[in-house]
Protein chains: 2
Amino acid sequence: MTNTNIDRILAGLAEVADIEAGRAAPARLFRPGAVDVRAIRGRTGLTQAAFAAQFGFSAAAVRDWEQRRREPEASARVLLTVIDREPDAVRRALAHT
Amino acid sequence: MTNTNIDRILAGLAEVADIEAGRAAPARLFRPGAVDVRAIRGRTGLTQAAFAAQFGFSAAAVRDWEQRRREPEASARVLLTVIDREPDAVRRALAHT
DNA sequence: GAGCGAAATACGGCATTGCCGTATATATGA
DNA sequence: TCATATATACGGCAATGCCGTATTTCGCTC
């Protein structure tokens with residue numbers, strides 16, 4: 001373990017360069033940043049409770065997100081994005097149950 | 001606080017009866033049960049790492065789910081269901097970023 | 001069959017969220 | 001004004017998210 005950490009740093013820098021040059025794929029293609037839960041819900045015209053019920057969230061989670069007390073997990077951010085952009089597809093997928 | 005707990009139990013039973021009779025809506029319309037992550041991923045033909053990268057999960061979460069070490073959150077279960085049934089819609093929604 | 005690399009399994013461990021419950025505030029309509 | 005629906009605020013425990021790494025299994029070539 002002489003210069004293993006330095007090696008790792010160099011490898012990391014090389015990877016960043018590769019990704020930026022398009023020679024490699026980033027670890028996570030879709031990196032969901034912060035989502036505006038209230039805005040997304042607002043577009044659906046639903047109350048917090050109804051929104052949670054329709055899309056399988058717990059009401060508590062939606063509350064915490066809109067109050068900015070908690071940040072939605074990566075999975076939740078992705079789902080919220082899909083709800084925002086393809087709401088009918090989400091409803092179709094959930095209706096089957 | 002004499003019989004407040006008994007009251008609550010009775011109210012709960014009444015609510016269950018209402019829901020089963022169709023007179024009331026359950027707290028969560030879509031209740032995503034257990035999902036078979038490996039099966040869903042298998043249908044996509046992706047490795048754990050690629051699956052995670054494509055849909056915004058962390059590789060660690062996918063690993064934990066498939067090893068049945070952790071159970072995916074409600075949001076993740078819903079997203080996995082949507083991925084299974086409307087994969088193109090999910091890709092479309094995520095491509096915009 | 002041996003050897004190799006990719007993929008998956010297994011697990012320790014801390015930070016963070018999920019989720020529940022309840023009290024308070026803020027509309028909105030009768 | 002009163003009542004109801006909706007949203008805000010927050011304490012608190014259990015559970016997952018996520019990272020790191022060691023080990024095992026799988027698929028392939030030689």
Side-chain angles (χ1 to χ4, degrees), chain A residues 1 4-9 11-12 15 24-81 83, chain B residues 1 4-9 11-12 15-16 18 24-81 83:
Chain A
M1 58 162 78
T4 172
N5 286 326
I6 290 178
D7 288 344
R8 283 183 191 162
I9 291 169
E15 186 182 355
R28 200 179 287 197
L29 286 184
F30 177 69
R31 183 179 297 275
V35 290
D36 189 337
V37 179
R38 169 157 308 144
I40 294 174
R41 176 175 66 84
R43 266 164 236 140
T44 69
L46 298 169
T47 66
Q48 289 179 346
F51 183 79
Q54 183 143 85
F55 295 111
F57 303 114
S58 77
V62 174
R63 271 182 348 222
D64 286 345
W65 296 336
E66 295 204 6
Q67 290 180 46
R68 306 204 180 275
R69 192 185 177 217
R70 300 256 192 278
E71 193 78 11
E73 293 290 322
S75 316
R77 291 200 297 274
V78 172
L79 177 55
L80 287 162
T81 302
I83 288 171
Chain B
M1 54 155 85
T4 170
N5 286 325
I6 290 178
D7 288 344
R8 282 182 191 162
I9 291 169
E15 185 182 355
V16 169
D18 283 344
R28 201 180 286 196
L29 286 184
F30 176 69
R31 183 177 299 273
V35 290
D36 189 338
V37 178
R38 168 156 311 142
I40 294 173
R41 177 174 66 84
R43 266 163 236 140
T44 68
L46 299 168
T47 66
Q48 288 179 347
F51 183 79
Q54 183 142 84
F55 295 111
F57 303 115
S58 77
V62 175
R63 272 183 345 225
D64 287 345
W65 297 336
E66 295 203 7
Q67 289 180 49
R68 305 206 181 275
R69 191 183 177 221
R70 301 256 192 278
E71 192 79 10
E73 293 290 322
S75 316
R77 292 201 297 275
V78 172
L79 177 55
L80 287 163
T81 302
I83 288 171

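All values below were derived from every heavy atom in this structure, side-chain atoms included, with hydrogens, water molecules and symmetry-related copies excluded. Every chain is numbered from 1 and lettered A, B, ... according to where its sequence line falls, protein lines coming before strand lines.
In this structure, the side chain of B:R41 engages the main chain of B:L46 through a donor-acceptor pair within 3.5 Å.
Put simply, the side chain of A:R70 and the base of D:dG17 share no donor and acceptor less than 3.5 Å apart. Side-chain N/O atoms of B:Q67 and base N/O atoms of C:dA10 include a donor-acceptor pair closer than 3.5 Å. Checked by distance alone, B:R77 brings no side-chain donor or acceptor within 3.5 Å of a matching partner on the base of C:dG18.
Atom pair B:F57:CZ and D:dG17:P shows a separation of 10 Å (rounding to whole Å applied). Atom-to-atom, CD of A:Q48 to C1' of D:dA9 comes out at 12 Å; the value is rounded to the nearest Å. Between the CZ atom of A:F51 and the P atom of D:dT6 there is a distance of 16 Å, given to the nearest Å. In this entry the distance linking CZ of A:R63 with P of D:dA9 reads 12 Å, nearest Å. Rounding to whole angstrom units, CG of residue A:L46 and C1' of D:dA5 are separated by 15 Å. For the pair B:L80 CG and D:dG17 P, the interatomic distance rounds to 10 Å; values are reported in whole Å. For B:R41 and C:dA7, the CZ to P distance is 11 Å, given to the nearest whole Å.
In this structure, CZ on B:R69 lies 8.5 Å from CZ on B:R63, to the nearest 0.5 angstrom. Expressed to the nearest 0.5 Å, how far CH2 of A:W65 lies from CZ of A:R70 amounts to 12.0 Å. To the nearest 0.5 angstrom, A:R38 atom CZ is 8.5 Å from A:Q67 atom CD.
The aromatic rings of A:F57 and A:F51 sit parallel, their planes meeting at an angle under 30°, below the 60° perpendicular limit.
For A:D64, the listed nucleotide lying nearest its side chain is C:dC19; candidates were D:dC18, C:dC19, D:dC19. Considering only side-chain atoms of B:R69, the nucleotide from D:dG17, D:dC19, D:dC10 that sits closest is D:dC19.
Note on A:R38: only backbone sugar-phosphate atoms sit closer than 4.0 angstrom, heavy atoms only; bases stay farther off.
If one axis is set at each end of the helix from C:dG1-D:dC30 to C:dA30-D:dT1 from five pairs, those axes are 60° apart, to 10°.
Each of A:E73 and B:E66 was matched to the nucleotide of DNA chain C holding its nearest heavy atom; the match closer to the 5' end belongs to B:E66.
Taking only side-chain nitrogens and oxygens, A:W65 comes nearer than 4.0 Å to OP1 or OP2 of C:dG18. The shortest distance between the side-chain N/O atoms of B:S58 and the OP1/OP2 oxygens of D:dC18 is below 4.0 Å.
Pairing each heavy atom of A:P72 with each of A:R77, the nearest pair is O-NH1, 2.7 Å. Closest approach of A:G56 to B:V78, counting heavy atoms only: CA-CG2, 4.2 Å.
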